[in-house]
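Accompanying notes for the structure given below.
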Amino acid sequence: MAREIVSDMDGLRRTHYCGEVALSDVGSQVVLMGWVNRKRDLGELVFIDLRDRTGLVQVVTESKSTPASFEVAQNVKSEYVLAVRGTVKKRAPGMENPDLKTGAIEVQADEIRILNTAKTPPFYIWDDAGADETLRLKYRYLDLRRAPLQRNLEIYHRTSMAVRNYLSSRGFWEIQTPMMTRSTPEGARDYLVPSRIDKGKFYALAQSPQLFKQLFMVAGIDRYFQIVKCFRDEDLRYDRQPEFTQIDIEMSFAEEEDVWGEVEGLVKYVWKEVLGVDIEPPFPRLTYQEAMERFGSDKPDTRFGMEIKDVTPVFSGSSFGVFRSAIDQGGTVRAIAVPGMAGASRQEIERLTERAKLHGAKGLITVAYLGGEVKSQIRKYLTDEEIAGLAQATGASEGDLVLIVASDFDTAVTVLGRLRLELASKLGMIPKDRYNFLWITAFPLLKINEETGRWEAAHHPFTSPFKDDLDKVRPDATDEEKGKIRARMYDLVMNGVELASGSIRIHRRDLQEKVFALLGMSQEEARRRFGFLLDAFEYGAPPHGGIAFGMDRMVMLLAGAENLREVIAFPKTASASCLMTEAPAEVEPERLAELGIILAKDVKRS
RNA sequence: GGAGGCGUGGUGUAGCUGGCCUAACAUACGUGCCUGUCACGCACGAGAGCGUGGGUUCGAAUCCCAUCGCCUCCGCCA
């Protein structure tokens with residue numbers, strides 16, 4: 001590239017953003033700075049679409065009237081950085097471009113300076129992505145030039161500002177907490193940071209500021225929030241990144257309704273500020289138990305019906321083996337009615353059955369109500385009363401297909417819950433532009449870890465149990481009792497996505513110790529790991545509770561984005577690497593030596 | 001950790017039941033022409049040996065094995 005065609009700004013000052021030159025500017029001199037989106041060279045006449053984050057404006061130059069700028073324009077190529085000084089002209093009738101915000105005008109260039117040249121980009125900087133995501137991630141700074149991504153980053157910014165404005169107006173203080181902290185063995189895997197000064201010891205990158213924010217309450221901060229990065233070393237999903245951002249909130253002297261009220265106000269404010277959409281709190285509340293019963297999920301999508309029904313009573317006298325044994329073993333028979341699917345082919349039924357098995361069912365029974373007939377692989381086992389009862393219980397009518405799973409409760413509702421989502425999506429039953437917020441409450445305090453067979457905190461070990469269940473908070477509680485302890489925990493769910501999760505915390509040392517003991521933690525262990533918290537509780541800890549939003553996830557929903565990578569500036573891939581910086585990367589042996597780290601021989605090195 | 005999908009000029013795709021493929025189309029790119037374009041148009045040109053490594057075969061982009069990368073799902077995510 002000939003460097004001599006590049007000039008300096010030399011005092012030239014931008015007067016307008018490209019997308020903001022308007023009809024009202026006609027006749028005035030403007031100075032624009034931006035990137036060449038496209039050049040259209042018609043010989044003695046050149047058009048350049050100049051782009052910045054606000055949009056495009058057409059710059060025009062011709063050999064006869066503006067020879068100086070015309071000469072420069074001929075050397076211009078895509079993605080060159082230009083400064084353009086010129087006059088805003090109204091376009092002649094019939095020459096406007098209605099697709100462009102600035103389509104009614106154009107800028108006649110008196111002077112064009114090339115501030116920098118550019119290689120041909122590896123992919124088009126157009127609105128639709130087109131290129132493979134691998135390539136786009138490698139050249140993320142070019143991908144971020146695209147309007148849709150810039151729009152998402154702007155939405156992220158506006159969301160941040162709305163959150164800060166609202167919470168500040170409600171008396172919350174934004175205070176930072178350490179990123180480098182102590183590893184907490186529960187929950188997600190930690191990212192570890194070796195200590196140079198104290199070799200052999202490690203910090204962990206914070207999975208959340210949980211303990212710090214509780215200590216703020218002990219400190220009398222009363223109301224705290226933070227927009228904060230959190231780190232969890234777990235496998236990624238379209239809506240999960242290893243480093244992500246939370247809106248972390250905690251308040252003193254608060255019970256459930258206090259937290260929910262603040263959150264509902266925040267959500268209403270953010271949706272209005274960012275999307276101009278009115279959300280009407282209070283949000284419906286559903287217990288965990290009810291959510292599982294009706295939707296087979298603790299984050300139900302309530303934008304459509306097709307709820308799960310208990311049809312155990314219908315089949316209580318059934319002779320059909322699958323129903324019989326499920327019921328006799330204390331299990332249940334559950335069903336959903338899929339509208340208009342009675343005509344499903346044998347192959348479609350087969351596919352559904354496969355899905356059901358994938359989700360953990362032993363099989364799937366279907367009953368089709370079609371043309372006054374009843375079609376089912378277990379037709380001969382069904383009595384007329386059962387057929388009528390099934391239709392009655394599920395609300396199935398002519399043309400519907402009823403899916404039945406007989407199993408233990410969890411499997412039955414989970415399987416049907418997943419099929420419900422898959423089918424609703426496939427059948428186009430999910431209305432767009434709906435924001436169905438709801439609270440899920442009264443979660444179980446503990447859940448059993450399938451791998452270790454041990455009981456663990458469902459949320460985290462600082463969650464307060466229900467008062468009525470405190471009698472079961474004993475180290476010698478039976479499994480049945482442990483499973484029944486309810487937690488003062490709540491999730492904010494929208495359209496089937498968990499947006500926020502929180503709880504009323506334990507604020508007394510004795511109860512906290514009991515819960516640690518319930519989790520099988522010895523006193524010594526509890527003291528070693530959480531001694532500072534237990535100590536703090538002895539110095540006047542106020543009752544408190546809070547919540548944390550998945551900020552990126554929220555922006556993803558606000559932006560209508562498909563995945564988190566569309567709203568995070570520099571995201572990681574599914575294997576947690578950054579294709580642009582090529583992180584993670586090996587480090588110099590000296591660095592490791594300094595940290596007292598020796599790599600095991602068998603670690604994979606490329 | 002497991003399953004599936006994808007990987008072909010700069011980009012997006014076609015080819016993939018083996019030979020008509022020293023790979024086609026579009027677009028981008030280069031050169032030239034063009035005064036009202038806005039996915040400008042027209043003409044000409046250059047550009048890949050098919051992710052990587054093995055194997056089968058007379059012959060592989062096409063079949064097999066392994067491996068790498070990306071995406072999605074399950075497990076995992078207090």
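Proteins get letters first, then strands, A, B, ... in listed order; numbering begins at 1 in each.
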Partners of [X] by ring pair (Phe, Tyr, Trp, His ring centres under 6.0 Å), sequence neighbours excluded?
| X | result |
| --- | --- |
| His507(A) | none |
| Phe516(A) | Phe530(A) |
| Tyr191(A) | none |

> Who passes side chain to side chain contact (heavy atoms under 4.5 Å, CB included) against Lys426(A), sequence neighbours left out?
Replying inline: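 Partners of Lys426(A) by the side chain to side chain contact (heavy atoms under 4.5 Å, CB included) criterion, ordered by chain and then number, come out as Met341(A), Glu348(A).
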> Can you list the residues that meet the side chain to side chain contact (heavy atoms under 4.5 Å, CB included) rule with Leu519(A), with sequence neighbours excluded?
Replying inline: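 In terms of side chain to side chain contact (heavy atoms under 4.5 Å, CB included), with neighbours along the sequence ignored, Leu519(A) is linked to Leu446(A), Ala457(A), Pro461(A), Val515(A).
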Taking only residues two or more places apart in sequence, or in another chain, which ones meet [X] in a side chain to side chain donor-acceptor pair (under 3.5 Å)?
| X | answer |
| --- | --- |
| Ser425(A) | none |
| Gln241(A) | none |
| Asp99(A) | none |
| Asp552(A) | Tyr156(A) |

> Is Arg136(A) side chain donor-acceptor paired with the rU11(B) base, going by distance under 3.5 Å alone?
Replying inline: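 Absent.
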>> Rounded to whole Å, please give me the gap between CZ in Arg355(A) and P in rU72(B).
In response: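 Result: 16 Å.
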>> Nearest whole Å is fine: how far is rA39(B) P from Gln58(A) CD?
In response: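 From Gln58(A) CD to rA39(B) P: 10 Å.
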Scan nucleotides 33-35 of chain B against the protein and return all N/O pairs shorter than 3.5 Å with their distances rounded to 0.1 Å.
unit_1	atom_1	unit_2	atom_2	d
rC34(B)	N3	Asp41(A)	O	3.2
rC34(B)	N3	Gly43(A)	N	3.4
rC34(B)	N4	Asp41(A)	O	3.4
rC34(B)	N4	Asp41(A)	OD1	3.4
rC34(B)	N4	Gly43(A)	N	3.4
rU35(B)	OP2	Leu42(A)	O	3.4
rU35(B)	OP2	Glu44(A)	N	3.2
rU35(B)	O2	Glu62(A)	OE1	3.0
rU35(B)	N3	Glu62(A)	OE1	2.5

What protein N or O atoms touch nucleotides 23-29 of chain B N or O atoms at under 3.5 angstrom, if any, and at what distances?
unit_1	atom_1	unit_2	atom_2	d
rU27(B)	O2'	Tyr124(A)	OH	2.9
rU27(B)	O2	Tyr124(A)	OH	3.0
rA28(B)	O4'	Tyr124(A)	OH	3.3

> Which residues within residues 98-110 of chain A lie with some heavy atom under 4.0 Å of an atom in RNA chain B?
Replying inline: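 Glu106(A) - these, ordered by number, are the residues of the stretch whose heavy atoms sit under 4.0 Å from the strand.
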